[in-house]
Amino acid sequence: MNLKMKRRDFLKVMGWTGAGVAVAACDRPSYITHREGRNHVVSYVMPEEYAIPGTGVWYASTCGQCPATCGVHARVREGRVLKLEGNPDSPLNKGKLCAMGQAALQTHYNPDRITRPRKRQGAGFVDIGWDEAMRLLEERVGPNSGIDGSRFAWLTDSVNGHQAVLVDALMENIGSSSHYVYEAVNDAVWRAVCRDMLGEENPRLAIDKARAILTIGADFLGTRGAPVPNSTLYAEFRSAPRGVLLAAESKMSVTGANADLWVPVRPGAEGVFALGVANVLATSHGRDISSLPNDVQRQIRANDVKHVSDVTGASEEHIRRIAALLHERAPSLVLAGASAEGQEHGYDNVAAAMTLNLILGNVGRTIESTAGFPFEMLRPRSGSGRGLADLAQALREKRHDVLFIKGANPVFTAPAGMGFRELLANVPFKVAFSMFEDETTQLADLVLPLYSHLEDWGTHVPVAQPERMFIAVQQPVMAPLYPETRGFGDLMIDMLRMRGDADYAGYEDYYAYLHHAFVALPASLKGGAPNDTAFWNGVLQKGQLELGTAAPARLAASAVSFEVSAPAADDRPVLLPTASPTLWDGRHANVPWLQELPDAISKAVWDSWAEMHPSTARRLGGVETGDVLRISSDQGSLEVRAYVYKGMHPGAIAIPVGQGHESYGRYAQGRGVNPYAILADVRDRKTGELAHSATRVDVSLVRKASNGHHLGTGMDRLVVMGGSETQVGRKLVVTVTADRFERTEGRRA
Ligand code: SF4
């Protein structure tokens, strides 16, 4: 059966029925209805019959803390959500949940949520009601507003599922094609290389099937792609026979810290490093490179191991060892990310890394096609830096009169060199759909307060479908905390109805729309459910619609030409703004649990720091951890404490992103520094993506740590939760080599 339907067809097949109501069972996933979801929070004088005081009810839903769309189970007692866990039925995260997912409770219960609509009044805001908010919207984008569709634009983070369908529908109705999709933490350059070399932007990375993985800066266990799903696959990769993890990067990431071999590489020289590995594969292990384009073959031959060692700083022995392990342990997998992508020649660096996958025969073995997902219109519109760069250009040319903003905070995350804050003033009417007053929301003319994802309906589709395809369902797990907040989907339906869109006239709200979208599906997708109510209840209880396994499809691997170059000689270190698996791009800086969680490398909390190699610290006159540094670029300067650490290349200095908020609530404001605030606006020359790892900085010592105390718990120190970084010979944590492990497991004599 051909299940590919256009959005309009998808809607046409739906008939109208009443909203489903069902009773939930205790101690297993269930759901509440939109009607219950409309109630205000009151004590349980007349609880639902399944709400037994003191006994939790578990609801299945979807995590909204990052774009990965993991399944969750939410424990609810007396109408309040108390605990989140991973949904074991999810083929994506298989019952696991990361710290960001767990901390969604503090996003939901955050005391700094916006609780009523607001409109601009002078330099500040004044609270208004929804009637006035909708009237203001109608004046600007209603059917009689006279808006020229090309003057209307959306700026969102990654969107998918039916929320994306509704955004598309509103754009189509208004006559706009300007949807800018932006994520500060993204893998857009990798996706562009995958599209050009594999024919698919988001192939499945079969981490579990690899016997050796080389990551060139891709922190797939931390912030790259889908951290929890990647970690579940990684656990299988590390099960016997244990796979070997190799990492080559400028700053030790969470993934690098787990590697069997970690090799520091000069920032910007990642492509040269990949060519060096390719050279050894061809010259020492007989790997065939004759099918590659001539210019690629020429570059591989020119980058012998000695030259590559000189350029990258990696030792010849390490380059040879990595090549040997990748050759011996087929199938392998080579990934690239972060500083490799964040350069003017980021595309070339990543293409060089992907060429290793071609040489090693990994395509189709550990890099798999995800073709076969039947609902193209639900697929993610994944964010990129290019999305913001394009919007900045449009704002410079004053091309938009109305800008709707959701899920993105570019005033905080845009590189300073872009001047985004000033550009935003070129839009006469800015509407922020937001839970919090972040730096971008602060500049809006109208603020529409949203439900948390624990209060709202939605559907989600992962970027790369697992082998068992599915659509994740997000259902409210408790009634909204604030009666004057609204669901995003509800607002979209309201606006489409306001615009007179006949396709949406029959839907009372987003719940009704979603319910109909599901019950209208072909019987073949309903798993033999006896009727629509049973089918819908089953979907909600599982938190997903399972779509079966796609027929295997082949990726059309083809090499591309690229031109890798060595980074220019410069004594100034490269600034690496590093995303964190807790604060992400800064969106979780208002969550105390995540502020309190020690950084995986420095163990620092509630603050910023600058990681540097001991040799860099010596060059600066003996900088020690806790000393205050000034870090300056052409865009400005900031002061931050040093963290001296060997897990850095001497040519780089790394500051985590996420801190340095000027607004965003009591837990986020006024702590740490924002490295984006001194970044130049550099672009990858092939994709136009923002190059976040291409700004050189001057570093100077401002003052030594007070009283000789470098670390500790005082206000004038870098607060770290860890003690010594060495075991001082005490063998507190016993380690074993992969070789010895294999012998112990009886897999080798
Ligand atoms: S990776 Fe973590 S934050 Fe992202 S969706 Fe999964 S559990 Fe949520």
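Numbering of residues begins at 1 and proceeds along the displayed sequence. In listed order, ligands and their atoms are each counted from 1.
The shortest heavy-atom contact between Leu481 and His108 is CD1-O, 3.4 Å.
Near Thr69, meaning under 4.0 Å from any of its heavy atoms, are these atoms of ligand 1: 5 (S).
Between Phe518 and Trp536, the ring-plane angle classifies as tilted under the 30° and 60° cut-offs.
A salt bridge links Arg242 and Asp260; the closest N-O separation between the charged side-chain nitrogens and carboxylate oxygens is under 4.0 Å. Glu183 and Arg587 are joined by a salt bridge, as a carboxylate oxygen and a charged side-chain nitrogen come within less than 4.0 angstrom of each other.
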(request) Starting from the C-alpha separation in whole Å, work towards a yes-or-no answer on ring pair (Phe, Tyr, Trp, His ring centres under 6.0 Å) for Tyr451 and Phe488. (result) CA-CA 7 Å; Tyr451 291 163; Phe488 179 69; over 10 Å; no
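With waters left out, the protein N, O or S atoms under 2.8 Å from atom 2 (Fe) of ligand 1 add up to 1.
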For residues 98-105, please give each side-chain donor-acceptor pair under 3.5 Å, one per line with the distance, not counting sequence neighbours.
unit_1: Gln102; atom_1: OE1; unit_2: Lys83; atom_2: NZ; d: 2.7
unit_1: Gln102; atom_1: NE2; unit_2: Leu84; atom_2: O; d: 3.4
unit_1: Gln102; atom_1: NE2; unit_2: Glu85; atom_2: OE1; d: 3.4

